[in-house]
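Proteins come first, then strands; the chains are lettered A, B, ... in the order of their sequence lines, and each starts at number 1.
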Amino acid sequence: MGDVSGVGSDNFDWNTDDELEIEGFHSSCLSVPNGETIAGSVGASSSAGPSNTKVFDHFISMGFPGEMVSKVIQEYGEENEDKLLEELLTYSALESSPQQQQQVEPDPCSSENAGSSWDDLSSDDSFSDEEMPKSVSRNGDPLHTLVKMGYKEEEAVMAVERLGPNASLEDLVDFIGVAQMAKAEDALLPPEEKPQYNGHAKLKKRSLYDYEVLGKKKPKIFEKRTLCEEDDETQALHLPNPMTGFGVPTDPNSIITHRRIPEDAIGPPYFYYENVALAPKGVWQTISRFLYDVEPEYVDSKYFCAAARKRGYIHNLPIENRYPLLPLPPRTIHDAFPLLKKWWPSWDPRTKLNCLQTVTGSAKLTERIRKAVESCEEFEDPPESVKKYVLDQCRKWNLVWVGKNKVAPLEPDEVETLLGFPRNHTRGGGISRTDRFKSLGNSFQVDTVAYHLSVLKEMYPNGINLLSLFSGIGGAEVALHRLGVPLKNVVSVEKSEVNRNIVRSWWEQTNQRGNLVDLDDVQQLDAVRLEQLMSAFGGFDLIVGGSPCNNLAGSNRVSRNGLEGEHSSLFFDYFRILDLVKNMSPNYR
DNA sequence: CCCAAAATGACCTCTCGG
DNA sequence: CCGAGAGGTCATTTTGGG
């Protein structure tokens, strides 16, 4: 969820000049904020030993700092390139976030080498927000300051252009960190996969995991993950059918009450992440890897309401004793829209709607279909060809029969109801019809999400503090409210102003007693800001987010370039913020 | 009445999984 | 082989403020 229309408008493209950037990456450091480390990387190269040079150079050419690379090689050996990649990625992700968390917990997978932890590294070359000289960021030209800190000029320029000249140094550094992470993924493409502009060879990108799983043999040595983990990985390549996740209330046989969560993932704080289930290959594996290796729960909302909505959810919530919102919503088109039954032809067998999308069918299409059906009224049933045309269009645009020979797209009110929102939730405040469809199409299905979140009610009878990223029209907030979980403090981050207004107005309509803080941009949410919020509220109990899917969604044939795409890379902000909160949480309990 | 901004509609012809 | 898909781009029409 979350409107990202603003993101594209400011001329920043994560993928601009990819091939040039990758080349330019050779001698630079990935996320080294000061000059010393750049110099130091040369020494690290030689200390890594002559036998390592090939592997070492390989990673250096991807832009990882030399010191980090040699450290990882020491720890895991050089033959296990995939593992090294993973560790480097993970570490540079941590690195790009401020090191509040000196106590980066030793990865259980690498426990044997506990002696050489990351600590010395992080204290060397990480520039935590606390250490950041405030005076510099206030006085000096931020561009100059960033370059002085060791960032590449084009990175600094990009960050300043994107965030504006008045952005704080912290925000700029955060931004560059995320941009680097997105780029690091790109750099991981095997050389022959690198995009080339030879005529029609249009950017065919593959994600990190694609490369790991399909491009190379699985590492055998130093693979400390359990057999169970391997099973997860092969299973995760196939979406479950039926898509009922750990169970849906309408089918008691589907319910599973036990699962194993990796130790790193165990809450509190609890997190709940959502995105489209049918993302390009490997995307969910990458997301899962970042989110502490938690296995996704794939659920189709057609088991909750009358419209399909195939989504993957990664969360660390308990799955015992879930309960649904009551009353259970109607689960067929006829139950949801009883008045339409009289117009429904016998040859239209649909009982469920397809996914409710952000765009809707046109009036012209309604006309064409009406004429097509009318023209063969002399028959009892239209000919097969006409039926097929009409049904194809109806399925494609989610049309319903609203009159004699007349189909029409759903109205925003009807979409609201299907998704479990109160009537007129998105109405008013000057929002246009088009924008209502857009906001609703990007939203959660409330009943589905509420079923998953229902376990919180017993755990937090006095209410929760919620951090809601990419909130959109507040699906999570509505779900918790309908469950009767009191909302103490809610921090909601949403790009679109109309969506923020919708949530704000809902907040007032429902007489909430807590505080609602709304922020414009996830980039604003750095360690300092989080620290302020968490100390004011006493930490967060739940972090919810569904990051933009524009570059993952199947119907996007133009820029479906996976997680590293312009919009969808905001996933890394979800991870960045979640990881910060997780690491800061022990201070607030 | 003019003009900018917003809305609309036609076209795009993808990848994935069953 | 078929169908589903929180989409993008462009030209054109409509809306709304002065």
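- Every residue two or more places apart in sequence or in another chain was checked for a side chain to side chain donor-acceptor pair (under 3.5 Å) with A:Ser505, and none qualifies.
- Contact between the side-chain N/O atoms of A:Asn354 and the OP1/OP2 oxygens of C:dG5 is found at a separation under 4.0 Å.
- As judged by a 4.0 angstrom heavy-atom cut-off over every strand, A:Lys310 is placed among residues touching the sugar-phosphate backbone only.
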Protein proximity profile, nucleotides 5-10 of chain B - base contact B, sugar-phosphate-only contact S, no contact -, cut-off 4.0 Å on heavy atoms: --SSSS
Distances for protein N or O near nucleotides 8-17 of chain C N or O, under 3.5 Å:
from  : atom 1 : to       : atom 2 : distance (Å)
C:dG8 : OP1    : A:Asn550 : ND2    : 3.2

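- Taking only side-chain atoms of A:Lys281, from C-beta outward, the nucleotide of B:dG17, C:dA4, C:dG3 with the closest atom is B:dG17.
- For A:Asn241 and A:Gly554, each mapped to the nucleotide of DNA chain B holding its nearest heavy atom, the one lying further toward the 5' end belongs to A:Gly554.
- Distance A:Tyr298 OH to C:dA6 C1': 16 Å, rounded to the nearest Å.
- Qualifying side-chain contact (heavy atoms from CB on, under 4.5 Å) partners for A:Ala408, counting only residues two or more places apart in sequence or in other chains: A:Val402.
- In this entry the distance linking CG of A:Asp300 with C1' of B:dG18 reads 14 Å, nearest Å.
- In DNA chain C, runs of at least 3 stacked Watson-Crick or G-U pairs (N1-N3 plus N6-O4 or O6-N4, or N1-O2 plus O6-N3, all under 3.5 Å) give these stems: B:1-12 with C:7-18, B:14-18 with C:1-5.
- Listed by first then second residue, pairs satisfying salt bridge (Lys or Arg N to Asp or Glu O under 4.0 Å) with a partner in residues 298-310 of chain A read A:Asp300-A:Lys310, not counting sequence neighbours.
- When the C1' atom of C:dG7 is taken as reference, atom CD of A:Glu566 falls 13 Å away, rounded to whole Å.
- If you measure from atom CD1 of A:Ile473 to atom P of C:dA6, you get 16 Å, rounded to the nearest angstrom.
- In this structure, A:Leu570 places its CG atom 18 Å from P of C:dA6, rounding to the nearest Å.
- Relative to the six-membered ring of A:Tyr323, A:Lys457 misses at least one condition, a distance below 6.0 Å or an angle of at most 45° to the axis.
- Applying the side-chain contact (heavy atoms from CB on, under 4.5 Å) rule to A:Gln357 yields the partners A:Ser555; only residues at least two apart in sequence or on another chain are considered.
- Residue pairs meeting the salt bridge (Lys or Arg N to Asp or Glu O under 4.0 Å) criterion with at least one partner in residues 416-426 of chain A, sequence neighbours excluded, are A:Glu416-A:Arg436.
- Comparing A:Asp392 and A:Arg311 along DNA chain C, the residue whose closest nucleotide (by nearest heavy atom) sits nearer the 5' end is A:Asp392.
- With sequence neighbours left out, A:Arg331 forms a salt bridge (charged side-chain N to carboxylate O under 4.0 Å, His left out) with no residue at all.
- Look at CH2 on A:Trp397: it is 15 Å from C1' on C:dG3, rounded to the nearest Å.
- Looking at residues two or more places apart in sequence or on another chain, you find a side-chain contact (heavy atoms from CB on, under 4.5 Å) between A:Asn405 and A:Arg370, A:Val373, A:Glu374, A:Glu377.
- Comparing the P positions of C:dA6 and B:dC11 gives an interatomic distance of 23 Å, to the nearest angstrom.
- Surrounding CZ of A:Arg259 are more than 12 heavy atoms belonging to other residues, nucleotides or ligands, all under 6.0 Å away.
- A search for side-chain contact (heavy atoms from CB on, under 4.5 Å) contacts involving A:Ala450 returns A:Leu325, A:Ala479, A:Leu483, not counting sequence neighbours.
- Atoms CG (A:Leu356) and C1' (C:dG5) sit 12 Å apart, rounded to a whole Å.
- OP1 and OP2 of C:dG5 both lie 4.0 Å or more from every side-chain N or O belonging to A:Asn398.
- Legend: salt bridge (Lys or Arg N to Asp or Glu O under 4.0 Å) pairs involving residues 350-359 of chain A, not counting sequence neighbours, sorted by first then second residue: A:Asp348-A:Arg350.
- Following rounding to the nearest Å, A:Gln393 (CD) and C:dG3 (P) show an atom-to-atom distance of 12 Å.
- Residue A:Cys549 is in base contact, counting any heavy-atom pair closer than 4.0 Å across all strands shown.
- Surrounding NZ of A:Lys387 are more than 12 heavy atoms belonging to other residues, nucleotides or ligands, all under 6.0 Å away.
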